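Bear in mind the structure is a predicted one, so any value in this text is a computation, not a measurement. Naming convention: chains lettered A, B, ... in sequence-line order (proteins, then strands); numbering from 1 in each chain.
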Protein chains: 2
Amino acid sequence: MEDLDRRLVGLLLQDGRMSYTDLGKATGLSTSAVHQRVRRLEERGVITGYAATVSPEALGLPLSALISVTPFDPSDPDDVPQRLAHITEIEDCYSVAGVESYILKVRVAMPGNLEDLLARIRSAANVSTRTTVVLSTPWEGRSASASV
Amino acid sequence: MEDLDRRLVGLLLQDGRMSYTDLGKATGLSTSAVHQRVRRLEERGVITGYAATVSPEALGLPLSALISVTPFDPSDPDDVPQRLAHITEIEDCYSVAGVESYILKVRVAMPGNLEDLLARIRSAANVSTRTTVVLSTPWEGRSASASV
DNA sequence: TGTGAAAAGTTAAGAGA
DNA sequence: TCTCTTAACTTTTCACA
């Protein structure tokens, strides 16, 4: 990928609503050249979409936790992600190389909701869980990709 | 927060570049009413920004890992996040209630870079680390906030 | 909080190098 | 792959309910 494309991606990571005109000013390209390049980045799957970033606290979800998930029965077919997909509190789901099989990141309003959520996770996927509560978030979503 | 605001936030989580005109059509509001509401959501800090979402693989960072961080010397002043802030590979930094003090999510190009990164983390913050490699990501960034 | 209207700015698509 | 052009659309601001 070209340097110009990298710069466009970097700018759009910082401000996903930046206009093609401003992207052009920042890169020295014409508006339509920017437009074409961004469209190509989208088509190639480098840019997969655009999203508002919201404050979970402001939306009433101040409590985050990381949950390690281990299947009870290792002989079960491993369809844990599918079994958990409908649970909207689970923001991220990683399959990992560790003592656990999966690590989930969840957000809820308060401790009672976390208790309830854990019960739903355990019964939906037939797993045991180990939960680590997040006390504070020095930063999040800083796009390591920005370093590219 | 009102139901209309929730719907606007939900729509902008899904498509952060949606026009005010289209947001108006989706909510039944006039363009300028949408504009005012979105501006207020931004001012109140509910919407904190907009970002392109990119594929880390397409950017050449296919290897993710979760790193548990524990200070060597518990009597040290705890400024681990500040000491790590300059390391751009660290996408998320959580302070947690567990045997470890922090959990980091990082992205790198290949195993060698992970080795190098761990050395930099340990020496920058005077910590020990325990690393869990991510094998696959069934989903990520699904905005639990969408459930609001 | 909302509306509608008008000016200023942006996007999208095509022709041409 | 770039620029330029032009029509269609979107944003922004304002007066007013």
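The pair B:Glu89-B:Arg120 meets the salt-bridge criterion, since a charged nitrogen lies less than 4.0 angstrom from a carboxylate oxygen.
Checked options B:Arg40, B:Arg39, B:Arg44; the residue passing with B:Asp5 is B:Arg44 (criterion: salt bridge (charged side-chain N to carboxylate O under 4.0 Å, His left out)).
Within the 3.5 Å criterion, the main-chain N or O of B:Ala85 finds a donor-acceptor partner in the side chain of A:Arg142. In terms of modelled atom types and a separation under 3.5 Å, the side chain of A:Thr48 and the main chain of B:Thr53 share a donor-acceptor contact. In this structure, the side chain of B:Asp92 does not engage the main chain of B:Lys105 through any donor-acceptor pair within 3.5 Å. No donor-acceptor pair under 3.5 Å is formed between the side chain of A:Arg17 and the backbone N or O of B:Tyr50. The main-chain N or O of B:Glu140 is never found under 3.5 Å from a side-chain atom of B:Thr137 such that the two would form a donor-acceptor pair. No side-chain donor-acceptor contact under 3.5 Å links B:Asn113 to the backbone of B:Val108. In this structure, A:Asp78 contributes its side chain and A:Val80 its backbone to a donor-acceptor pair below 3.5 Å.
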Check the interface with nucleotides 15-17 of chain D: list each N/O to N/O pair with the protein under 3.5 Å, or write none.
none

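The nearest whole Å value for the distance from the NE2 atom in A:His35 to the P atom in D:dA7 is 18 Å. If you measure from atom CG of A:Leu29 to atom C1' of D:dC4, you get 14 Å, rounded to the nearest angstrom.
Note on A:Arg40: a side-chain N or O is less than 4.0 Å away from OP1 or OP2 of D:dT1.
When the local axes at the two ends of the helix from C:dT1-D:dA17 to C:dA17-D:dT1 are compared, using 5 base pairs at each end, they differ in direction by 30° after rounding to 10°.
Remark: A:Arg122 pairs with A:Thr129 by the side-chain hydrogen bond (donor to acceptor under 3.5 Å, both in side chains) rule, at least two apart or across chains.
Under a 4.5 Å side-chain heavy-atom criterion applied to ILVMFWY residues, the cluster that includes B:Ile103 comprises A:Leu66, A:Val134, B:Tyr94, B:Val96 as well.
There is a path of hydrophobic side-chain contacts, each under 4.5 Å, that joins A:Trp139 to B:Val69.
The footprint of chain B on DNA chain C, defined by a heavy-atom cutoff below 4.0 Å, extends from C:dT1 to C:dT11.
Among the protein residues, A:Arg17 comes within range of the sugar-phosphate backbone only, with heavy atoms under 4.0 Å from sugar or phosphate atoms but none that close to a base.
Contact detail for A:Ser64 and A:Arg107: the closest heavy-atom pair is OG-NH1, 2.9 Å.
In this structure, of D:dT3, D:dT1, D:dT11, it is D:dT3 that holds the atom nearest to the side chain of A:Ser30.
Within residues 20-28 of chain A, the residues having any heavy atom under 4.0 Å from DNA chain C are, by residue number, A:Tyr20, A:Thr21.
One can find a donor-acceptor pair under 3.5 Å joining the base of D:dC4 and the side-chain atoms of A:Ser32.
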